[in-house]
Amino acid sequence: MLEIQQLRTDLDAVTRQLAKRGYAFPIEAFNALEAERKTIQTQTQELQAQRNAASKKIGNAKSKGEDVSAIMAEVAHLGDALKQAETQLEQIQNSLQKILLEVPNLPHDSVPEGKNEEHNQQIRRWGEPRQFDFAIKDHVSIGEGLGLLDFETAAKLSGTRFSLMKGGLARLHRALAQFMLDTHTQEHGYMEAYVPYLVNRESLRGTGQLPKFEEDLFAVNAGGAENSTSNNSPAFHLIPTAEVPITNMVRDEIVPLQSLPLKYVAHTPCFRSEAGSYGRDTRGLIRQHQFDKVELVHIVHPDQSYEALEQLVGHAEKILQKLALPYRVMALCTGDMGFSAAKTYDIEVWLPAQNTYREISSCSNCEAFQARRMQARFRNENGKPALLHTLNGSGLAVGRTLVAVLENYQNADGSVSIPEVLRPYMNGLDQLGKTGGE
RNA sequence: GGAGGUGUGGCCGAGCGGUUUAAGGCAGCAGUCUUGAAAACUGCCGUAGGGGUGACUCUACCGUGAGUUCGAAUCUCACCGCCUCCGCCA
C-alpha cells in the first residue's frame, strides 16, 4: 500500500512511476473521491464538535441541577445529520481504501524499465553448463525411468499439477530442504520457524495477496461448513508461500530497535491455484499446485533494506554454489515485478533439457509497502514508531532445485549422481540408480 | 464442543453513563543537583487523520462490529483473542 499523503501531494510523479510497471492509476476517480472526502470529513467533524460541546453543557447543567430541556432541543436535530454524514464519510473512505489496496508498489530508481521478462537485466552468471556426451533426458523421463516419479498416480489421487515421489527421490527432495535449512541457520544467521499453513484474510491482506489476487489461492472451510464466516468468505486460505505467515509475525507490532534485523527461514509447502497459467509448464515438477519451498524473510530498518536485499540474494545463491548448479541473477524490469516489490532479483538455474535458465528464486525488497498494510513498525532513534521494511526470497524452491539436480547430475545409464553436499543427508548414498537408491 | 473468567497507552493498572482533557505507577526523554554515577526533585512523554503559511485547532481510537442515549471505556447484542476446568483427539 502506498502512503495516501504521497498521492495527495505528488499524484503526477506517483502515476508516472506506476505507469512504468504498466499500471494505470485511476486519477479521475481518486481526485473526485478526495474532493468529496475533504468536504464530508470537515462537515462531519464540525457536527461532532457541536454534539460534543452540547453534551458537555448538558452534563454540566445536570450536575448543578439546572433545567436542560433548552439545550436538549438545540441538539435534537443534530442526530440525523450527523449519522448521515458519518455514513457517507465511511463509504468514501472505503472506496479510497479499495483503490489504495489494489495499487502496486513503486519501483525503486535502480530498477530497469521494461514491459516484460525480455527486458530483465542480467546482473551476473555463475558456473558453466555441463557438456553432455550422450542424449540427455528431462527430469520427468529421468524420474519415471528410475521408477520414483509418478504423475499418473498423483493425477488419480488429486488431479493435474500434483506429483508423487517415492524412495530415493522422495528422500533427495527431503535432503534438499534439510540442507537449505541447515545452511541458512548455521551459516547465514537465520532463525528457523515452523509456521501455520492455513492463514486468515488479514495476513493475506498484509503481504498483498488480498484483495487483488484471491483467484490464485486455495480457500479452506471447516468440514460441513459452507462458509465459516458471516460475510461469505472462507475461514482460511492455504499459504501460497511462507512469506505470508512469517512476514505477518510483525503485523500490528512495534519491534524494538535493538532486535533488528529479524531474519527468519522456514520450510513449508506452498499452494497455488495457478489460475491463468493453463497450458504453461504442464509437464513435470516446474509448476505444481503444491510444492515445497525454503523461504527467507528479513524485517529490517528502512536504511538497511537495500543492503539486506543483496545479502538475501547472496544467501540463496550460496545454495546453488554448494550444489554446483550453474545460474544467473536477473534484475527484474518494472513490468515484470510482483505487486508488492520495489525491487526484485530472480535467480535462474540452468536446466539442460530445456537448454535455458529457469527461475528458482525470487528475492524482493518490499520497502514499507507490506509494513504499511500490516502496521508493522519499530521504535526509531527518536522513540517514534516508524514503518519497517520487509524483504523475502526463496532460498530455494525445493521442487525446482530437485529438477535441476536430476537434469544436471544425470548419467548416460539413466542414474543420477548425488551432489557431494547432499550425501550426508542421504546416508552416504552417492547415486540414484536403477535399484531406486534404497 | 460445554462451563466459567478476562481483554484499557511501550508495560502494569484505576475507572463501570456526564470537569476523563483516560487517574496512578513503571520504563523512556530533557533539566536541576553532583567530580561522575545513583538517589531526589522539576518538566515532557500514545496512535492516526482533518483544517490552517503558522502559533494553533478539531476529530477518531479503551479487543472487533452493531445498538441504546443529548452524551458510552462504562449499558445491550454478536463476534474474535487469551486464561482455567470438562469433553474429544494425533
Side-chain angles (χ1 to χ4, degrees), chain A residues 1-9 30-31 33-97 99-101 194 196-206 221-225 227-237 245 248-260 368 371-388:
Chain A
M1 195 161 68
L2 302 179
E3 207 179 353
I4 192 153
Q5 281 88 345
Q6 199 182 358
L7 288 163
R8 285 178 187 144
T9 58
F30 178 78
N31 280 335
L33 276 170
E34 260 295 287
E36 214 181 338
R37 191 220 90 231
K38 222 164 172 169
T39 316
I40 303 294
Q41 182 162 356
T42 312
Q43 189 190 326
T44 306
Q45 293 189 350
E46 260 166 34
L47 287 169
Q48 285 169 330
Q50 279 177 43
R51 180 204 59 195
N52 290 348
S55 294
K56 189 171 264 183
K57 256 198 284 182
I58 293 172
N60 269 330
K62 270 201 166 174
S63 66
K64 289 177 202 151
E66 295 168 5
D67 177 48
V68 293
S69 53
I71 320 174
M72 297 275 274
E74 209 176 292
V75 285
H77 70 283
L78 274 180
D80 287 345
L82 183 58
K83 191 161 283 181
Q84 199 199 333
E86 281 175 342
T87 311
Q88 204 180 344
L89 180 62
E90 197 191 332
Q91 281 167 1
I92 295 167
Q93 302 276 35
N94 286 344
S95 304
L96 279 168
Q97 182 75 356
I99 291 179
L100 274 184
L101 281 173
Y194 172 82
Y197 301 160
L198 299 176
V199 292
N200 57 32
R201 300 183 72 82
E202 286 69 35
S203 293
L204 289 157
R205 182 163 8 83
N221 283 313
N227 274 310
S228 307
T229 52
S230 50
N231 57 354
N232 241 22
S233 42
F236 298 114
H237 286 87
N248 273 281
M249 287 196 285
V250 294
R251 171 155 54 87
D252 295 320
E253 296 291 331
I254 298 179
V255 180
L257 182 63
Q258 64 271 19
S259 54
L260 296 178
R372 191 170 295 111
R373 289 173 164 248
M374 292 191 297
Q375 283 303 297
R377 297 174 293 177
F378 69 108
R379 208 163 274 285
N380 70 13
E381 295 76 359
N382 304 319
K384 291 289 169 196
L387 292 172
L388 289 157

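The structure displayed is predicted, hence computed values, not measured ones. In what follows, every chain begins at residue 1, and chains take the letters A, B, ... in the order their sequences are listed.
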Can you tell me if the side-chain N/O atoms of A:R201 get under 4.0 Å from OP1 or OP2 in B:C80?
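No, because none of the side-chain N or O atoms of A:R201 sits under 4.0 Å from OP1 or OP2 of B:C80.
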**Asked** Counting only side-chain N and O atoms of A:N52, is one of them less than 4.0 Å from OP1 or OP2 of B:U59?
**Response**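 Answer yes for this pair, as a side-chain N or O of A:N52 is under 4.0 Å from OP1 or OP2.
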If we take the [atom1] atom in both [N] and [M], what is their distance in whole Å?
N: B:C58; M: B:A3; atom1: C1'; answer: 48 Å
N: B:G63; M: B:A22; atom1: P; answer: 16 Å
N: B:A23; M: B:G46; atom1: P; answer: 11 Å
N: B:A37; M: B:U20; atom1: C1'; answer: 40 Å
N: B:G87; M: B:G4; atom1: C1'; answer: 15 Å
N: B:A60; M: B:G5; atom1: P; answer: 33 Å
N: B:G9; M: B:G28; atom1: C1'; answer: 14 Å
N: B:U69; M: B:G10; atom1: C1'; answer: 35 Å

Taking atom types as modelled, is there a side-chain donor on A:N200 or A:S203 under 3.5 Å from an acceptor on the other?
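A donor-acceptor contact under 3.5 Å links the two side chains.
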[X] side chain: which of [options] is closest?
X: A:S55; options: B:C70, B:U59, B:A66; result: B:C70
X: A:K62; options: B:U47, B:C70, B:G51; result: B:C70
X: A:I254; options: B:U59, B:C70, B:G10; result: B:G10
X: A:Q48; options: B:A66, B:U47, B:U59; result: B:U59

**Prompt:** Do A:R37 and A:E34 meet the salt-bridge criterion of a basic N to acidic O distance under 4.0 Å?
**Reply:**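 Counted as a salt bridge, because a side-chain N and a carboxylate O are separated by less than 4.0 Å.
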Give one of base, sugar-phosphate or nothing for [X], where a contact means two heavy atoms less than 4.0 Å apart.
X: A:P385; value: sugar-phosphate
X: A:Q5; value: sugar-phosphate
X: A:A49; value: sugar-phosphate

Using Watson-Crick or G-U wobble geometry with both distances under 3.5 Å, which nucleotide pairs with [N]?
N: B:U68; answer: none
N: B:U34; answer: none
N: B:U53; answer: none
N: B:G1; answer: B:C86
N: B:C62; answer: none
N: B:G10; answer: B:C26
N: B:A39; answer: none
N: B:U20; answer: none

Whole angstroms only, please: what is the [atom1]-[atom2] distance between [X] and [N]?
X: A:R379; N: B:G28; atom1: CZ; atom2: C1'; answer: 9 Å
X: A:K38; N: B:C58; atom1: NZ; atom2: P; answer: 20 Å
X: A:E86; N: B:G71; atom1: CD; atom2: C1'; answer: 13 Å
X: A:L257; N: B:G28; atom1: CG; atom2: P; answer: 15 Å
X: A:Q41; N: B:A48; atom1: CD; atom2: P; answer: 16 Å
X: A:Q45; N: B:G51; atom1: CD; atom2: C1'; answer: 8 Å
X: A:F378; N: B:G10; atom1: CZ; atom2: C1'; answer: 15 Å
X: A:Q50; N: B:C58; atom1: CD; atom2: C1'; answer: 12 Å

TODO: Nearest-nucleotide wise, let me know which of A:K83 and A:N60 is further upstream toward the 5' end of RNA chain B.
DONE: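 The answer here is A:N60.
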* Name the residue closer to the 5' end of RNA chain B, choosing between A:M72 and A:I4 according to the nucleotide with the nearest heavy atom. =>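 Checking each residue's closest nucleotide, the 5'-ward one belongs to A:I4.
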I'd like to know if A:K56 reaches the base of B:G18 with its side chain, counting only an N/O donor and acceptor under 3.5 Å.
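Side chain to base: no pair below 3.5 Å.
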How far does [atom1] of [X] sit from [atom2] of [Y], to the nearest 0.5 angstrom?
X: A:Q43; Y: A:Q45; atom1: CD; atom2: CD; result: 11.0 Å
X: A:M72; Y: A:K62; atom1: CE; atom2: NZ; result: 6.0 Å
X: A:N248; Y: A:R205; atom1: CG; atom2: CZ; result: 10.0 Å

Which heavy-atom pair separates A:L387 from A:F378 by the least distance, and what is that distance?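 Heavy atoms of A:L387 and A:F378 come nearest at O-CE2, 3.4 Å.
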Test item: A:E86 and A:L82 side chains (from C-beta on) under 4.5 Å apart, heavy atoms =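 Yes, their side chains come closer than 4.5 Å.
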Q) Is it true that a side-chain atom of A:R373 and a backbone atom of A:L101 form a donor plus acceptor pair closer than 3.5 Å? A)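 Such a contact is found between A:R373 side chain and A:L101 backbone.
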